[in-house]
Amino acid sequence: MSGTGEVPAGEGGVWRLTVVVPAEAVPAVEGALSEVAEAVLAFEIEDGPEAGRWRLDGLTETPPDAAQRALLATLSGLPEDAFAVSQEAPRDWLAETARAFPPFSVAGFHIRGSHVAVPPAGRRRLMVDAATAFGSGEHETTAGCLEALAGLARAWPGGAPRVLDLGCGSGILAMAAARCWPGVVNAVDIDAEAVRVAAINARLNHLGPRLRVARADSPARPAVRRHGPYDLILANILARPLIALAPAVSAALAPGGRLVLAGLLAEQERAVRAAYRARGLVLARRRRRGRWTILELRHPLRRHP
């Protein structure tokens with residue numbers, strides 16, 4: 001889930017721009033809404049005739065004017081009338097956030113928003129508010145990656161792996177890896193806002209010195225390559241970029257390393273696996289969460305867990 005924390009409403013409430021799109025259109029539409037709205041919310045529709053599609057809402061204090069509507073259409077590739085516009089009365093966003101994002105646990109990780117004051121003891125704790133960067137832990141792909149991390153942490157043969165979180169979003173997976181092992185975790189994203197949010201989240205979780213956050217679109221970039229090769233790469237993005245990045249990701253993986261791929265629908269698994277199989281990587285484990293598949297691949301040259 002992607003979204004924001006507090007949105008100033010004023011006396012007149014807020015304006016909402018709403019659109020429903022397929023999963024593969026989410027990044028472009030989310031980016032477009034971010035240009036005209038103060039906050040963007042995104043979630044997958046789980047029931048009804050549109051199950052599997054995504055609803056995105058852009059929230060703004062003023063109604064969108066003609067220029068903003070035109071910009072939105074240009075950036076998203078959708079017609080202007082695809083976005084429904086409505087006004088809402090003032091609301092208590094802090095209270096609503098607390099209700100909509102209660103604390104929860106996945107594979108030994110406890111995720112909470114900043115509105116939850118006291119986390120439980122004895123678990124790997126992460127504080128992540130719903131924000132403008134993807135990754136609060138609720139979505140099946142993120143949860144599946146957290147499960148993969150927990151399993152790898154239990155079985156890792158010793159020492160701290162060199163970790164790369166490619167397409168880090170909020171930084172939740174990079175922070176989870178930092179909770180599993182000592183050392184510095186590298187986190188990169190193509191989106192400058194995601195880099196900003198991930199760096200803030202690292203500081204809020206007292207992990208600032210242990211997350212190296214940078215803007216990059218590929219492991220082949222010098223800022224990423226200089227810290228590799230990586231023993232563990234996490235890539236929770238989408239099927240198309242996963243396929244396109246297969247050569248660079250595979251080259252950045254150390255002999256015997258592990259690669260966790262997510263963001264792909266079950267019907268996209270064959271194409272994604274083929275792209276990495278062509279680079280010599282083999283399947284170690286597959287996880288299914290809803291309509292989504294999480295793949296764990298390994299470099300075959302040395303035995304890892």
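The analysis underlying the following values was restricted to heavy atoms, covering all of them including side chains, and did not include hydrogens, waters or symmetry mates.
Applying the ring-ring contact (aromatic ring centres under 6.0 Å, His included) rule to pairs touching residues 252-274 yields nothing, sequence neighbours excluded. Sorted by first and then second residue, the ring-ring contact (aromatic ring centres under 6.0 Å, His included) pairs with a member in residues 245-294 read H139-W292; sequence neighbours excluded. Sorted by first and then second residue, the ring-ring contact (aromatic ring centres under 6.0 Å, His included) pairs with a member in residues 191-219 form an empty list; sequence neighbours excluded. Every pair tested for ring-ring contact (aromatic ring centres under 6.0 Å, His included) that includes a residue from residues 63-87 fails, sequence neighbours excluded, so the list is empty.
The shortest heavy-atom contact between E80 and A73 is CG-CB, 3.7 Å. Listed here is the closest heavy atom pair of G263 and Q268: O-OE1, 4.4 Å. Pairing each heavy atom of S170 with each of V128, the nearest pair is OG-CG1, 4.1 Å. Closest of all the heavy-atom pairs between E61 and W15 is O-CD1, 3.6 Å. Annotation for I243 and A275: closest pair CG2-CB, 4.1 Å, computed over non-hydrogen atoms. Summarising the geometry of I237 relative to P241, their closest heavy-atom pair is CD1-CB, 4.1 Å, with the distance given to 0.1 Å.
Shown here are the side chain to side chain contact (heavy atoms under 4.5 Å, CB included) partners of V26, two or more places apart in sequence or in another chain: V21, E30, W54, L56. For R53, there are no salt bridge (Lys or Arg N to Asp or Glu O under 4.0 Å) partners, not counting sequence neighbours. The side chain to side chain contact (heavy atoms under 4.5 Å, CB included) search around P27 returns L238, not counting sequence neighbours. Checked against side chain to side chain contact (heavy atoms under 4.5 Å, CB included), E147 has the following partners two or more places apart in sequence or in another chain: V106, A107, R287, R289. Here R273 pairs with E269 under the salt bridge (Lys or Arg N to Asp or Glu O under 4.0 Å) rule; sequence neighbours left out. Under the side chain to side chain contact (heavy atoms under 4.5 Å, CB included) criterion, A177 pairs with L149, V163, W181, V185, sequence neighbours left out. By the salt bridge (Lys or Arg N to Asp or Glu O under 4.0 Å) test, R55 pairs with D57, sequence neighbours left out.
Placement of L152 and L259 in two distinct hydrophobic clusters is found when ILVMFWY residues are connected by side-chain heavy-atom separations under 4.5 Å, directly or transitively. Cluster membership for I294 and L264, using ILVMFWY side-chain heavy atoms within less than 4.5 angstrom, is not shared. M175 and W156 fall within a single hydrophobic cluster, where Ile, Leu, Val, Met, Phe, Trp and Tyr are joined by side-chain heavy atoms under 4.5 Å apart, directly or via other members. Grouping the Ile, Leu, Val, Met, Phe, Trp and Tyr side chains by contacts below 4.5 angstrom, directly or via other members, places L211 apart from L164. A continuous path of hydrophobic side-chain contacts links L71 to L78 [ILVMFWY only; heavy atoms under 4.5 Å].
Using a 4.5 Å cut-off on side-chain heavy atoms (C-beta onward), P64 and V85 make contact. Counting heavy atoms from C-beta outward, T60 and V36 have side chains that stay 4.5 Å or more apart. The shortest side-chain heavy-atom distance between L166 and L245 falls under the 4.5 Å cut-off. When side chains are defined from C-beta on, E267 counts as touching R291, because their heavy atoms get closer than 4.5 Å. For the pair I172 and N201, the minimum side-chain heavy-atom distance is 4.5 Å or more.
In terms of modelled atom types and a separation under 3.5 Å, the side chain of R279 and the main chain of A251 share no donor-acceptor contact. Between the R210 side chain and the A178 main chain, a donor and an acceptor come within less than 3.5 Å of each other.
Going from atom CG of L242 over to atom CG of N236 covers 8.5 Å, rounded to the nearest 0.5 Å. The distance from the CG atom of L173 to the SG atom of C145 is 5.0 Å, given to the nearest 0.5 Å. The structure places CD1 of I111 at 11.5 Å from CZ of R124, a figure rounded to the nearest 0.5 Å. To the nearest 0.5 Å, the span separating CD1 on I233 from OG on S250 amounts to 8.0 Å. Separating the CZ atom in R162 from the CG atom in L253 is a distance of 10.0 Å, to the nearest 0.5 Å. To the nearest 0.5 Å, atom CZ of residue R215 and atom CG of residue D191 are 7.0 Å apart.
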Can I get a per-line list of side-chain donor-acceptor pairs under 3.5 Å for residues 220-230, giving both atom names and the distance, sequence neighbours left out?
residue	atom	partner	partner atom	Å
R221	NE	D217	OD1	2.7
R221	NH2	D217	OD1	3.3
R221	NH2	D217	OD2	3.2
R225	NH1	A220	O	2.4
H227	ND1	R212	NH1	3.4
Y230	OH	V224	O	2.5

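The side-chain contact (heavy atoms from CB on, under 4.5 Å) test with V195 is passed by exactly one of D189, V188, I200: D189.
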